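What follows is a set of notes on a single structure, which appears directly below.
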Amino acid sequence: MLAALGYQRHGGLDSPLVYAGDGPDVLVYAVEGAVTAPHRHGQPGLQHIALEVDEPALVDAVFRIVVDAGGTIVHQPQFYDYMDGYYAVFVEDPDGSRLEVVHIPAGAA
């Protein structure tokens, strides 16, 4: 999914995995400690990360990538009434963390 957003993985498979692109780097760390169960939305901890993209077509592309990979779609691409033209898809990674890919048109209110 990150590759579709212009990110590339750098380094090996050791923790953390580092993805670099035009925006801030994304670092993914391996789970540490005794609790290794997937996160459930609504529990304490990270609820979701939103990644803003320049075109609605990228929202659709991420949706197709996740579906093709057998990933979990929480909400299919659709418009939301958060602000004019807010178009997003919500997915979950294998650890249960929710990711949102969103397009917000310039000047949206």
Side-chain angles (χ1 to χ4, degrees):
M1 179 183 103
L2 289 172
L5 302 177
Y7 284 85
Q8 294 182 0
R9 190 173 76 206
H10 295 272
L13 294 177
D14 296 330
S15 182
L17 297 176
V18 178
Y19 294 85
D22 291 337
D25 290 351
V26 176
L27 283 71
V28 180
Y29 289 87
V31 174
E32 295 181 6
V35 178
T36 59
H39 176 74
R40 285 196 342 240
H41 191 71
Q43 289 184 326
L46 176 71
Q47 294 305 308
H48 88 275
I49 295 173
L51 303 166
E52 188 174 358
V53 297
D54 293 332
E55 300 175 14
L58 285 172
V59 173
D60 296 328
V62 167
F63 169 73
R64 287 189 301 277
I65 288 166
V66 172
V67 167
D68 291 347
T72 301
I73 302 298
V74 178
H75 301 292
Q76 294 190 11
Q78 60 186 303
F79 288 98
Y80 291 87
D81 60 4
Y82 305 136
M83 60 183 61
D84 293 339
Y86 194 106
Y87 185 66
V89 63
F90 291 81
V91 303
E92 281 185 353
D93 72 8
D95 294 318
S97 297
R98 194 165 289 192
L99 305 168
E100 172 187 3
V101 178
V102 57
H103 170 71
I104 303 170

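Being a predicted model, the structure only gives us computed values, none of them experimental.
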Does atom CD of Q76 have more than 12 heavy-atom neighbours, drawn from other residues, nucleotides or ligands, at distances under 6.0 Å?
->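 At most 12 heavy atoms, drawn from other residues, nucleotides or ligands, come within 6.0 Å of this atom.
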
Check ring-ring contact (aromatic ring centres under 6.0 Å, His included) between Y80 and all other residues, then give those that pass, not counting sequence neighbours.
->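 Here the qualifying residues are Y82, F90.
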
4.5 Å side-chain heavy-atom contact, L99 and L51 = no

For residues E52 and I104, determine if any side-chain heavy atom of one lies less than 4.5 Å from a side-chain heavy atom of the other.
->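 Heavy-atom side-chain distance check passes, below 4.5 Å.
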
Might you point out which heavy atoms bring [X] and [Y] nearest each other, and give the distance in Å?
X: P77; Y: Y87; value: CB-OH, 3.3 Å
X: L58; Y: D54; value: CD1-N, 4.5 Å
X: G85; Y: P105; value: O-CD, 3.2 Å

For V101, which of V91, I65, V89 qualifies under side chain to side chain contact (heavy atoms under 4.5 Å, CB included)?
->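 Answer to the side chain to side chain contact (heavy atoms under 4.5 Å, CB included) test with V101 among V91, I65, V89: V89.
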
Those residues that, when tested against E92, pass salt bridge (Lys or Arg N to Asp or Glu O under 4.0 Å) (two or more places apart) |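 Partners of E92 by the salt bridge (Lys or Arg N to Asp or Glu O under 4.0 Å) criterion, ordered by chain and then number, come out as R98.
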
Could you state the interatomic distance from CZ (F63) to NE2 (H75), rounded to the nearest 0.5 Å?
-> 13.0 Å

In Å and rounded to the nearest 0.5 Å, what is the OH to CD distance from Y19 to Q8?
-> 11.5 Å

